[in-house]
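Scope of the values below: all heavy atoms of this structure, side chains included, with no hydrogens, waters or symmetry mates.
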Amino acid sequence: MNDHDDGPQTQAADSPRQRDATLIGVGRALAEAASVEEVFKAVGSLDSPEFPLDGMAVFDVTEKWLSLLGRYGYRSGHGRTVRMPIATDHPATEVLRTGHAVYVPTVEEYRERFPATWRLAARKGSLSWAFLPLVSTGRITGVWLVAFVDRVDFDSGMRNTLLTLAQLISDALDRARTGEAELALSRGLRSSMGRGASEYHGMTVASRYVPTGGGQLVGGDWYDVIDLPSNRLALVIGDVQGHDLRAASLMAQLRTAVHAYAAEGHGPDAVLSRTSRFLTSLDEDRFATCIYIEADPASGTLHVARAGHPHPVLRMADGTCLTKHIKGGLPLGLMPDEDDYPVNVMVLQAGEIMMLCTDGLIETGGRDMHTGWARVREAMAPGPTGDLEGMADRLIQSVAGPVTENGEERPTPRNEDDIALLMLRRDTSTQQPVRPVRRVLITIEQDQAEGLAEARSELRALLHDWGQSDLVDTAVLLASELLGNVLVHTDQAAVLIAAVSGEPGRHTLRVEVSDSGDELPHQRTPGELASSGRGLVLLDILSDQWSVRPESEGKTVWFELTEEPGPSPDPAADPDPPPGTAR
């Protein structure tokens, strides 16, 4: 008896709760809908005795017309495309005129209120209808028609449900339209940047672009290769702040500006300075990072300027990889009146590769700069130098390729930053074969003390395969002493050239430190508590040989160390090498 009496009451009480729970699920599905079809599919899941759907349609609004954007579920078929003048006597046009929803619970009411158009609805066999405004940014952008197979009285609960759904549908359609626009823009940008290798009579360039995921497929990363006079070329990579249409729009304009400034004949520093001012004129709230390289393929000479962008990676012919520290200025757009973008000059040796990337390649997957660079170097080190395309694929695969968890392979979700990648190789020739020599050149100005740490890092990376760690420490100590002597005892810049030659296990390191000062160093005998004067003493004790060479301007102090045969280093001993080291 109690069961009989309480059953209908319990059902009535549960119905609103069940409807609310279903509505929450539909809201989640609408939040992920990427097209009109997915919007209808999400709402169609509401079909139930409490919500007896017969069909739905969405009308798009223009200045003079209501046009059918899409329809779903009518039992009697889809019918033909509808295009209705706004002056038509129809519930949807009344929604436009009044801004309020129109509820029609019966066929009789439909016939009485809208005699000119009710037969169109009656032919479908529906018994009740609701027409609701779709509102975006304060204006009606469409009308949602819901038809029911059973009669619906449209009580306050049903009306609230329909109004809530109408707002969710409006938001979902806005996202779907934005997503389609972003997808088209992303495809256009990717197409304009191109892909693959190009040869420039002595250098080869490979490039990649991977868009961000999360339904946006657009961002502010870009790269470019620009032909310059005298068979030179410019390589550009940049990253505009943000992952939206505004970032993509600014990126496209910056690409055009860089092209224009390069075509005018400006050097790397002037190109970045002018681009910084141009970005500020477009948007004072956004900034961009960038590296601009002017390359001479015939000589391998690079003139490099950097604006807040991650440093490049230099891969030598034998697979040694190191982070190449490039002096630079602030990101573009932060201080447009500043022109401080120093030009770094370096020479790529035959077979060497310089890799430029945006931070998406480094930090994707929860990596920080330290572990991200280690992953990049691991992907670049193996394989032949000649396979530049394979190296580029391997770098992208290390970030965007499938991952294995618990023995199962699954795709990597692309919901993080987009990635731009640019690789430049100095090509070899039969007339100039690659010699087993690797070298770095570093210049440290008087006001750039941080250059000492960068020089130590690059020197350790150069000696990554030396089996005697104490000999590596000795090399770093002696180089630091010579660089420190220049910075402390002169007002000149210090130039370090370090070169490794020979076979594995019997390498020879030669380090030269030069400055343009006139005074030649001389060996002293420092006291026990002296804080200076030990540099040449250490050279005499620790190096295999050393000397001082007068130059036409200044002097050069050099030393050599020779590696003794010994056990090879164990790469597994240090799974996360410090910045500047290589596997």
Side-chain angles (χ1 to χ4, degrees), residues 313-324 347-355 373-387 390-391 394 425-426 428 430 432-442 454-483 496-513 538-547 556-583:
V313 168
L314 178 64
R315 184 194 190 272
M316 298 175 178
D318 67 350
T320 298
C321 294
L322 56 88
T323 303
K324 188 59 187 171
V347 177
L348 277 186
Q349 303 300 313
E352 289 187 340
I353 297 170
M354 175 164 281
M355 188 279 291
W373 275 135
R375 176 176 61 185
V376 166
R377 287 189 294 270
E378 287 172 3
M380 283 188 68
T385 301
D387 187 15
M391 193 177 297
R394 194 161 58 245
R425 183 187 65 211
R426 175 85 183 279
T428 61
T430 56
Q432 295 180 329
V434 177
R435 294 181 298 166
V437 176
R438 56 182 188 246
R439 61 168 55 85
V440 294
L441 184 150
I442 304 165
E454 296 169 354
R456 287 192 286 265
S457 173
E458 292 190 23
L459 185 56
R460 286 189 180 277
L462 198 68
L463 305 176
H464 70 98
D465 55 355
W466 282 40
Q468 298 165 282
S469 60
D470 57 340
L471 202 57
V472 175
D473 293 338
T474 297
V476 173
L477 171 64
L478 295 180
S480 299
E481 285 286 338
L482 296 185
L483 291 170
L496 178 144
I497 299 176
V500 176
S501 59
E503 302 300 323
R506 296 184 181 274
H507 287 129
T508 295
L509 168 70
R510 182 181 178 92
V511 174
E512 298 184 353
V513 175
L538 289 174
L539 277 179
D540 205 38
I541 296 173
L542 298 177
S543 68
D544 294 334
Q545 52 182 321
W546 70 277
S547 184
T556 296
V557 183
W558 63 267
F559 69 86
E560 288 187 355
L561 291 172
T562 301
E563 182 185 23
E564 297 295 334
S568 299
D570 180 8
D574 186 9
D576 288 317
T581 61
R583 291 285 175 71

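Listed by chain and number, the residues in a side chain to side chain donor-acceptor pair (under 3.5 Å) with Ser469 amount to none (sequence neighbours excluded). Among residues two or more places apart in sequence or in another chain, the side chain to side chain donor-acceptor pair (under 3.5 Å) test is passed with Arg315 by Thr385. Under the rule for a side-chain contact (heavy atoms from CB on, under 4.5 Å), the partners of Leu542 that lie at least two apart in sequence or sit in another chain are Thr474, Leu477, Leu478, Leu538. Taking Ala498 as the reference, Val440, Leu459, Leu462, Leu496, Leu509, Val511 meet the side-chain contact (heavy atoms from CB on, under 4.5 Å) condition, with sequence neighbours excluded. When the side chain to side chain donor-acceptor pair (under 3.5 Å) test is applied to Asp470, no partner is found at least two apart in sequence or on another chain. Partners of Glu454 by salt bridge (charged side-chain N to carboxylate O under 4.0 Å, His left out), not counting sequence neighbours: none found. Residues that satisfy the salt bridge (charged side-chain N to carboxylate O under 4.0 Å, His left out) test with Asp473, not counting sequence neighbours, are Arg460. Under the side chain to side chain donor-acceptor pair (under 3.5 Å) criterion, Gln545 pairs with Glu560, sequence neighbours left out.
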Requested in this report: I would like to know whether Val557 and Leu539 meet side chain to side chain contact (heavy atoms under 4.5 Å, CB included); could you show each step before the answer?
Outcome: CA-CA 10 Å; Val557 183; Leu539 277 179; 3.8 Å; yes
Query raised in the report: Should Arg425 and Leu348 be marked as a side chain to side chain contact (heavy atoms under 4.5 Å, CB included) after you check the CA-CA gap, both sets of side-chain angles, and the distance that decides it?
Result: CA-CA 8 Å; Arg425 183 187 65 211; Leu348 277 186; over 6 Å; no
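The shortest non-hydrogen separation linking Ala350 to Ala317 is O-CB, 4.0 Å. Across all their heavy atoms, Ala455 and Ile442 have their closest contact at CA-CD1, 3.6 Å. Scanning both residues, Trp466 and Thr508, for their nearest heavy atoms gives CZ2-C, 4.3 Å. In plain terms, the two heavy atoms of Leu482 and Phe559 that are nearest each other are CD1-CD2, 3.8 Å.
Between Met316 and Gln349 there is no side-chain heavy-atom pair separated by less than 4.5 Å.
Proximity of a side-chain donor or acceptor of Glu563 to a complementary backbone N or O of Gln468 within less than 3.5 Å is not detected.
Between the side chains of Arg377 and Thr323, at least one donor-acceptor pair of N or O atoms lies under 3.5 Å.
Salt bridge status for Arg394 with Asp387: absent, with no side-chain N to carboxylate O gap under 4.0 Å.
A distance of 11.0 Å separates OG in Ser543 from CZ in Arg510, rounded to the nearest 0.5 Å.
In summary, of the residues considered (Thr562, Val500, Leu471), a side chain to side chain contact (heavy atoms under 4.5 Å, CB included) with His507 occurs for Val500 alone.
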